[in-house]
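Every chain is numbered from 1 and lettered A, B, ... according to where its sequence line falls, protein lines coming before strand lines. Here the structure is a predicted model, which is why all the values come from computation and not from measurement.
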2 protein chains.
Amino acid sequence: MKLGTKGRYAVMALVDLAYYGQGKPLALTEIAERQALPISYLEQLFLKLRQKGFVASTRGHLGGYTLAREPGTIRIAEILEAIGEPLKTTRCENTSEMGCLGTKEKCLTHALWTGLGVQMHQYLHRISLADLCERRIT
Amino acid sequence: MKLGTKGRYAVMALVDLAYYGQGKPLALTEIAERQALPISYLEQLFLKLRQKGFVASTRGHLGGYTLAREPGTIRIAEILEAIGEPLKTTRCENTSEMGCLGTKEKCLTHALWTGLGVQMHQYLHRISLADLCERRIT
DNA sequence: AGGATTCCCGACTGTTTTAGTCAAGTATGA
DNA sequence: TCATACTTGACTAAAACAGTCGGGAATCCT
Ligand code: FES
Ligand code: FES
C-alpha cells in the first residue's frame, strides 16, 4: 500500500503549474527543475494530462503548459485516475459479480477493502489543486 | 496505490481463524484451503503474527493456531503493521526533518499525503476482527 | 531562412518488489 | 514410531516500477 511516482509526480507538477504559472505557459524544464523531477518522465505524464483536458500546450519558443481548468475545480482524485494510478484495494473486480474465489459470495473482508477505497477516494475528491496552493489542508 | 497480498492474506486468515476457530486450534492447511491461499506463504505470515503476539501455536498432531487476543481488540491497522505492509503515502521520511528535496521545507503536497495516510490509518484502526466476523461494516 | 526552443510520442530497459516455492528441521499426539 | 503440524531461512520466476532514449513536429526569435 504505497503511492507510486506517477501519481505523486503528476500532482506535484500540477500544483507547481497552478502555483507559479499565472496564466502564462510554463516550460516543462522549469517545472521539472523546481520540483526535482526527471523531465523525460514528466513528458509522459503531461501527454496524458493534456489528452484528458487538464492542461493545454503551447509549442515552440516560450511555449509550455497552462492549466485548462480552474484550479478550484480540479480534484486530486481526478488527477490520479487520469494518470492511471490504480488506487485498488479489493482483490476482486468490483464490476464483476464474482468474489475472490469462484463463489459469487463476497469474502468476509470485501466490505472492509471497499470501505477503505471509499475513504481514500472521498478524501482525495474533497481536495482541489487550489486547496494545495493555498495550503488549506488540515 | 494498491494493497499487496501480504496484508490481504494476513487479514483473511485471521478473520477465518476468528470465525471458525472457537477456542480450539486450527491447522494452517485448513485455513489455507478454505481461503484458497498458498500454505507455504501463510507460514511466513503466521511466523510474524506469532512473534508479535496475535496468535499462539500448538505443535504436533491436532495442533494449529489460536487467537491470542480477543477479536474485538485486534484492529486491522495493527495486523498490517505487524506483517510489514508499508502503508506509506509520503515520499519523505516523516520522522526526519527533511522534505522531498534537500530543503527542510516540506513540499506543497506533503500535507495532502500525510492527510491521506491519516485517513487510511484511522479507518483501519476503527475496525476490529470482530467487526468483520459479525459483518458490522457500513 | 535558420536555428533554438519546446512539445509530441513510442519503444526500450535496468532495477526493485512481489509473490510465492522449496527444503530441512523440530515438537507433539495417537 | 509414525503421521501431523508448526518453524525457519534461503532461493527464484515473474511482474511492476521508474525512468531513459531517440527521433519528430510545431513555433518563435533574430
Ligand atoms: S475482495 Fe471482493 S470478494 Fe474478496
Ligand atoms: S512528501 Fe514530505 S516533503 Fe514532499
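Nucleic acid contact for B/L42: none, since no nucleic acid atom lies under 4.0 Å from a heavy atom of the residue. Residue B/K2 is in sugar-phosphate contact alone, with no base atom involved, counting any heavy-atom pair closer than 4.0 Å across all strands shown. In this structure, B/I39 reaches neither bases nor backbone, as no heavy-atom distance under 4.0 Å exists between it and the strands shown. Here B/Y65 lies in heavy-atom contact (under 4.0 Å) with sugar-phosphate atoms only.
Salt bridge annotation for B/E93-B/K88: present, with a cationic side-chain nitrogen under 4.0 angstrom from a carboxylate oxygen. Under the 4.0 Å criterion applied to side-chain N and carboxylate O atoms, A/K106 and A/E97 are not assigned as salt-bridge partners. Note on B/E85 versus A/K2: no salt bridge recorded, every NZ/NE/NH1/NH2 to OD/OE distance being 4.0 Å or above.
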When you compare the protein's N or O atoms with those of nucleotides 28-30 of chain D, which come within less than 3.5 Å of each other, and at what distance?
none

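Counting to the nearest Å, the C1' atom of D/dT8 and the CG atom of B/L28 are 14 Å from each other. Atom pair A/L3:CG and D/dC17:C1' shows a separation of 13 Å (rounding to whole Å applied). Atom OH in B/Y41 sits roughly 18 Å away from atom P in D/dC6 (whole-Å rounding).
Comparing A/K6 and B/G64 by the nucleotide of DNA chain D that holds the closest heavy atom to each, the one mapping nearer the 5' end is B/G64. Both B/F46 and B/M1 lie close to DNA chain D; mapped to their nearest nucleotides by heavy-atom distance, the more 5′-ward contact belongs to B/F46. The residue among B/E43 and B/P86 whose nearest nucleotide of DNA chain C is located toward the 5' end is B/P86.
Within 6.0 Å of the CD atom in B/E70, the count of heavy atoms belonging to other residues, nucleotides or ligands does not exceed 12.
Direction change of the helix axis from one end of the helix from C/dA1-D/dT30 to C/dA30-D/dT1 to the other is 10°, with five pairs defining each end axis (rounded to 10°).
Listed here is the closest heavy atom pair of A/G23 and A/T66: O-CG2, 3.5 Å.
Rounding to the nearest 0.5 Å places CG of B/L3 at 10.5 Å from OH of B/Y9. Annotation: the span from A/T89 atom OG1 to A/M120 atom CE amounts to 7.0 Å, rounded to 0.5 Å. The distance from atom CD1 of A/I137 to atom OG1 of B/T114, rounded to the nearest 0.5 Å, is 8.5 Å.
Residue A/Q44 places its side chain closer to D/dT20 than to any other of D/dT7, D/dT20, C/dT17. Taking the side chain of A/T5 as heavy atoms from C-beta on, and the options C/dC8, D/dA18, D/dC6, the nearest nucleotide is D/dA18. In the set D/dA5, D/dT8, C/dT18, the nucleotide with an atom closest to the side chain of B/A27 is D/dA5. Nearest to the side chain of A/L47, among D/dT7, C/dC8, D/dG19, sits C/dC8.
At least one side-chain nitrogen or oxygen of B/S57 sits closer than 4.0 Å to the OP1 or OP2 atom of D/dT7. At D/dG19, one or more side-chain N or O atoms of A/Y9 fall inside 4.0 Å of OP1 or OP2 (strictly under the cut-off). Listed pair A/R50 / C/dC9 meets the phosphate criterion, a side-chain N or O lying under 4.0 Å from OP1 or OP2.
A cation-pi contact, defined as under 6.0 Å to the ring centre and within 45° of the axis, links A/R34 to A/Y20.
Residues B/T5 and B/Y41 bring a donor and an acceptor atom of their side chains to less than 3.5 Å of each other.
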